[in-house]
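Before any comments, here is the structure.
Given the structure is predicted, the values throughout are model-derived calculations rather than measurements. Order of appearance sets the numbers: ligands from 1, and atoms from 1 within every ligand.
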Amino acid sequence: MTSATEFKKSVEQIRKEALQEIKGANELGSLDQVRIKYLGRKGSITSLLKGLKDFSEKERPVLGQLSNQLKGNLELALSTRMKELEVAVGQEGEFFDYTLPGRGGWQGKHHPITQVNDRVTEIFYGMGFEIARGPDVETDYYNFSALNFPPDHPARDMQDTFYIKDDLLLRTHTSPVQVRVFEKRKPPVKIIAPGRCYRNEAINARSFCTFHQVEGFYVDTDVTFADLKGVLSAFVWELFGKDVSLRFRASFFPFTEPSAEVDISCVICGGKGCGVCKQKGWLEILGAGMIDPEVFKAVGYDPEVYSGYAFGLGIERIAMLKYRIDDIRLFFENDLRFLRQF
Ligand code: FA5
């Protein structure tokens, strides 16, 4: 058994030798060998620490402290020397091309739906429409009653609704913004209202439970269906190009009369028929019509004096055509591999 004095001598001896070897190591490999020799599992310091158990309780703390100090000293010396050698390798051993372009981080972008929404809004803004907004949580009155959906009328089933309370719901379309604007302003009003809508519908490749619409409406003393056709044609040609044709199909909405659904010739196949347009050559993009006199009566506009048109288009459907996306769900999954493509 070694005495405490001998133990202290060994500590100093190891310190001296190890520091010399660390200083003398000229490359990272040999420095690591030194580390293993002293601090490795079978290294000198490890066996020194193991030997502590043979000393008395009085001696052990002092000798333990000495050993730990030695360990700390050597670890510091090793890491200092390692940094020196690494710098040397970087300067002499490796070629570093400072002209290489840096690796940039990912640049944040607007969501494709926001991009299409902004583009649609911009086109109508350029045609003299002001922008208005309404709340996502609506009352039954604005979403249905004021838009000439009578209570318990089957037309309400056209839009499956998420109800919050009897009278409170998540808006199923952006048309309630018409009523909110009409209540506050006298004609002429020429407005677009972009916003989010919600429907308690079965989800599939073309329909989701939440989506975005842009509502447009113009009320003045002599607005005609020809004005509606003109403004929608200008919009479609601006967004998809002049080669695209429009088709107005008779339809029904309680708040417009006459009503139409508007199709455009398929932007994928040019109208010949393909999988996206289901061989029809046409794709529906919006609902529209002349505002029903009943809506004017509900807001105090005289239907004998004023006339107006309204339309509501689905942003996701437009985005699907613009970017040739065959499943609406991709817009809501937040998969970065998808989003980074826009
Ligand atoms: C309406 O919502 C009417 N408010 C549109 C309107 C406004 C008509 C003004 C007349 C005057 P519709 O339910 O057809 O109509 O929806 C309009 C558009 O919203 C559709 O053409 C479609 O592009 C989009 N849309 C409707 N439901 C969904 C859904 N579940 N998922 C994605 N887009 C949808």
Side-chain angles (χ1 to χ4, degrees), residues 112-113 116-117 120 124 129 132 134 138 142-144 146-149 155-162 169-182 189-219 223 225 227-229 231-232 235-236 239 246-264 276-277 282-296 307-322 325-332:
I113 292 302
V116 173
N117 189 68
V120 169
F124 285 112
F129 286 79
E138 263 301 2
Y142 287 108
N143 198 80
F144 290 127
L147 289 166
N148 197 30
F149 286 84
R156 289 185 182 225
D157 296 340
M158 286 166 71
Q159 302 179 357
D160 293 329
T161 311
F162 287 115
L169 47 87
L170 293 176
R171 68 174 170 193
T172 54
H173 53 171
T174 41
S175 299
V177 186
Q178 289 184 37
V179 184
R180 288 185 174 276
V181 170
F182 296 155
V189 284
K190 194 176 181 188
I191 293 217
I192 50 161
R196 193 160 188 155
C197 308
Y198 309 82
R199 287 191 199 176
N200 192 2
E201 279 183 2
I203 292 169
N204 58 41
R206 285 185 60 73
S207 299
F208 203 66
C209 50
T210 175
F211 54 95
H212 298 77
Q213 284 187 344
V214 170
E215 189 83 5
F217 46 96
Y218 177 36
V219 181
V223 179
F225 203 92
D227 294 318
L228 173 64
K229 287 178 91 172
V231 88
L232 291 179
F235 161 71
V236 166
L239 192 67
L246 288 90
R247 178 170 83 168
F248 287 72
R249 256 184 310 109
S251 183
F252 170 77
F253 297 103
F255 39 94
T256 48
E257 182 58 37
S259 303
E261 275 177 319
V262 178
D263 302 338
I264 58 170
V276 173
C277 62
W282 295 96
L283 295 158
E284 183 211 314
I285 56 161
L286 58 90
M290 298 306 290
I291 298 171
D292 196 290
E294 290 303 317
V295 177
F296 284 158
S307 58
Y309 64 68
F311 56 86
L313 53 91
I315 292 294
E316 280 75 7
R317 299 268 173 87
I318 301 254
M320 286 169 82
L321 293 179
K322 201 167 158 49
I325 290 159
D326 60 6
D327 197 323
I328 195 170
R329 288 167 281 207
L330 286 164
F331 291 124
F332 297 93

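Only the side chain of E201 comes within 4.0 Å of ligand 1, judged by heavy-atom distances. The proximity of I285 to ligand 1, defined as any non-hydrogen pair under 4.0 Å, is limited to the backbone. With a 4.0 Å heavy-atom cut-off, ligand 1 is reached by the backbone of S207 and by its side chain too. When non-hydrogen atoms are compared, ligand 1 lies under 4.0 Å from the backbone of A288 (N, CA, C, O) but not from its side chain.
The list of salt bridge (charged side-chain N to carboxylate O under 4.0 Å, His left out) pairs with a residue in residues 282-296, not counting sequence neighbours, reads E294-K297.
If you check which protein heavy atom lies closest to atom 16 (O) of ligand 1, you get Q213 NE2, 3.4 Å. Among protein heavy atoms, the minimum distance from atom 9 (C) of ligand 1 is reached at E215 OE2, 3.4 Å. Atom 15 (O) of ligand 1 has as its closest protein heavy atom F253 CE2, 3.4 Å. Closest protein heavy atom to atom 24 (C) of ligand 1: G314 CA, 3.8 Å. Here the protein heavy atom with the shortest distance to atom 22 (C) of ligand 1 is R317 NH1, 3.3 Å. Of all protein heavy atoms, the one lying nearest to atom 13 (O) of ligand 1 is R199 NH1, 2.9 Å. The protein non-hydrogen atom at the shortest distance from atom 25 (N) of ligand 1 is F211 CE1, 3.5 Å.
When atom types are taken as modelled, the side chain of S259 and the backbone of F253 share a donor-acceptor pair closer than 3.5 angstrom. With hydrogens and angles disregarded, a donor-acceptor distance shorter than 3.5 Å links the side chain of Q213 to the backbone of T174. A distance-only check finds no donor-acceptor pair linking the side chain of N200 to the backbone of D160 [under 3.5 Å]. Side chain of N143 to backbone of T172: a donor-acceptor contact under 3.5 angstrom is found.
Listed by chain and residue number, D263 satisfy the salt bridge (Lys or Arg N to Asp or Glu O under 4.0 Å) test with R247 (two or more places apart in sequence, or in another chain).
Between S175 and ligand 1, at least one N/O pair is under 3.5 Å apart. Residue contacts with ligand 1: E316 is placed with no nitrogen or oxygen under 3.5 Å of a nitrogen or oxygen of the ligand (distance criterion only).
Atom 31 (N) of ligand 1 has its nearest heavy-atom neighbour, among F217, F331, F255, F208, in F208.
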Step-by-step ring-ring contact (aromatic ring centres under 6.0 Å, His included) determination, F331 to H212: CA-CA 11 Å; F331 291 124; H212 298 77; 9.4 Å; no
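Salt-bridge annotation for E201 and R206: absent, with no side-chain N of the basic residue lying under 4.0 Å from a carboxylate O of the acidic one.
In this structure, R199 forms no cation-pi arrangement with F211, as its terminal cationic atom is not both closer than 6.0 Å to the ring centre and no more than 45° off the ring axis.
Distances from ligand 1 to the non-hydrogen atoms of E284 include at least one value under 4.0 Å.
A parallel orientation is assigned to the rings of F124 and F235, their planes being inclined by less than 30° (bins at 30° and 60°).
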